[in-house]
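Notes follow the structure.
Chain letters run A, B, ... following the sequence lines, proteins first, then strands; residues in each count from 1.
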Number of protein chains: 2
Amino acid sequence: MLFHFRDKFPQLNPYWDKYLEFQQRLEVPAKTILLYEGKISQNYIFVEKGCVRAFFNNNGDDKTIQFFFENEGLFSVDSFVNNIPSVFSIETIEPSVIYLLPREYVTQLMAELSAEPDFLQIVLKMFTQRQTHYINEFVSFIRDTPEQRYNNLLVERPHIVLRVPQHYIASYLGVSAVHLSRIKSKLAKGKLHF
Amino acid sequence: MLFHFRDKFPQLNPYWDKYLEFQQRLEVPAKTILLYEGKISQNYIFVEKGCVRAFFNNNGDDKTIQFFFENEGLFSVDSFVNNIPSVFSIETIEPSVIYLLPREYVTQLMAELSAEPDFLQIVLKMFTQRQTHYINEFVSFIRDTPEQRYNNLLVERPHIVLRVPQHYIASYLGVSAVHLSRIKSKLAKGKLHF
DNA sequence: CCGTAACGATAACATATGTTATCAAGTTTA
DNA sequence: TAAACTTGATAACATATGTTATCGTTACGG
């Protein structure tokens, strides 16, 4: 359970900026784990450069839930808010520049934000957006074939296809890497008829 | 995008109770449509007796998103909050007793609730719960086979399997009705070995 | 610079799932 | 009560997808 913050609600940026100095800057290679499945989330994670994914282990092979790129922030809401073990891990996909804001500062920031007059409205909108996102994700599994989901990804979020290794995308789409390769070659053949 | 209210946060019930008199009581047969896909949600819907489902039409056959039973309330958050056409329909599955609270009263209710000191906390918790629910739904599609999903349903929400016709459950699980029948018979055979 | 790992394509085979059709039992409705 | 509809099971066949293995290419660390 993740969500983004920064720049989605620009009027909150000044609050955010106040805490820049408390962030820890990390420069890390690919495949660096930022949060371990089973551990309690202790930081809000902001991606300045590179990209990360949220995933969980399922009998050996891992399943990707979501991707995050430049200027996106995330945390395991469930773990962070309720102080319970995270059900997924977070790791970098590319060499990345990451900022971590520790729990105590996030709490403090939240308290300050509550003062903002229309913070309730913003929170509602923020969660409504996130909720719509996750509902669309799962409706897509009910409605679409893997091929259609891959196509949607190509059309709606091509940067994911361009930057992320194929087996992560496959696990995100809910198919095997082999099958995703088949889907791609089938689509490529389709495009030859014109 | 739906969510439940009543009794999940008992401290809010008094607020809710104040609006009981403005609700419209409906006694309807099965297959009564309460909100049409494409229309803007004008009511908060509360199920007193019976059950309903949210679904959308996909090239002729319909796909079920969620089920609601006694004492659960729902509305299309996206449609209701942002005044846009709903992406799904809502219809009764059994003969039901339904209460509708029109938009204007919900708005009024919300305004009153904002006064409640820890309403922000409650809203956060409420949405966090809903978000967890939808994430679990879609993670289940990435992680589990249809057979496992059916099993989860049996274990975690057996009332759904008991009360809801099988083809609705099939469309909710993302499989054909025929295949759900196969899954059931396979599970039944499995249970004979003991 | 070499060895190793990561990535992606493909083949061959096994299994899962969709589609269509048919049948039986129960329910609803005229 | 008869006809029509709903629900669910099953068979037969077609298609989709998973699994395992192999291969070539590229990227990367010693």
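Nearer to the 5' terminus of DNA chain D, by closest-nucleotide assignment, is the contact made by B:Lys31 (compared with the other of B:Lys31 and A:Glu147).
For A:Asp144, the side-chain contact (heavy atoms from CB on, under 4.5 Å) partners are A:Ser140, A:Gln148, A:Arg149, A:Asn152, not counting sequence neighbours. Residues satisfying the side chain to side chain donor-acceptor pair (under 3.5 Å) criterion with A:Ser181, sequence neighbours excluded, are absent altogether. Residues passing the ring-ring contact (aromatic ring centres under 6.0 Å, His included) test with A:Phe80, sequence neighbours excluded: A:Phe75. Annotation: ring-ring contact (aromatic ring centres under 6.0 Å, His included) contacts of A:Phe138 (sequence neighbours excluded): none. Remark: A:Asn151 engages no residue in a side chain to side chain donor-acceptor pair (under 3.5 Å) (not counting sequence neighbours). Applying the ring-ring contact (aromatic ring centres under 6.0 Å, His included) criterion to B:Phe22, with sequence neighbours excluded, gives B:Tyr19, B:Tyr105.
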Nucleotides 28-30 of chain C: which of its N/O atoms have a protein N/O under 3.5 Å away?
none

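Salt-bridge annotation for B:Glu91 and B:Lys31: absent, with no side-chain N of the basic residue lying under 4.0 Å from a carboxylate O of the acidic one. The pair A:Lys63-A:Glu37 fails the salt-bridge criterion, with no side-chain N (NZ, NE, NH1 or NH2) lying under 4.0 Å from an Asp/Glu carboxylate O.
Residue pairs meeting the ring pair (Phe, Tyr, Trp, His ring centres under 6.0 Å) criterion with at least one member in residues 154-173 of chain A, sequence neighbours excluded: A:Phe67-A:Tyr172, A:Phe69-A:His159.
Relative to the axis of its first five pairs, the axis of the last five pairs of the helix from C:dC1-D:dG30 to C:dA30-D:dT1 sits at 50°, rounded to 10 degrees.
Across all non-hydrogen atoms, the minimal contact from A:Val47 to A:Gly50 is CG1-O, 3.5 Å.
Contacts with DNA chain D (heavy atom under 4.0 Å) in residues 166-181 of chain A: A:Gly174, A:Val175, A:Ser176, A:Val178, A:His179, listed by number.
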Check residues 114-127 of chain B and write down every donor-acceptor pair under 3.5 Å in which the side-chain atom is one partner and the other belongs to a residue at least two apart or another chain.
residue  : atom : partner  : partner atom : Å
B:Ser114 : OG   : B:Met110 : O            : 2.9
B:Glu116 : OE1  : B:Tyr15  : OH           : 2.6

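In this structure, B:Val87 and B:Phe56 have side chains that are not in contact, with every pair of non-hydrogen atoms separated by 4.5 Å or more.
A 4.0 Å heavy-atom criterion places the boundary nucleotides of DNA chain D facing chain A at D:dT17 to D:dT20, written 5' to 3'.
Contact between the side-chain N/O atoms of A:Lys184 and the OP1/OP2 oxygens of C:dG8 is not found at any separation under 4.0 Å.
To the nearest 0.5 Å, the span separating CG on A:Leu101 from CD on A:Gln42 amounts to 12.0 Å.
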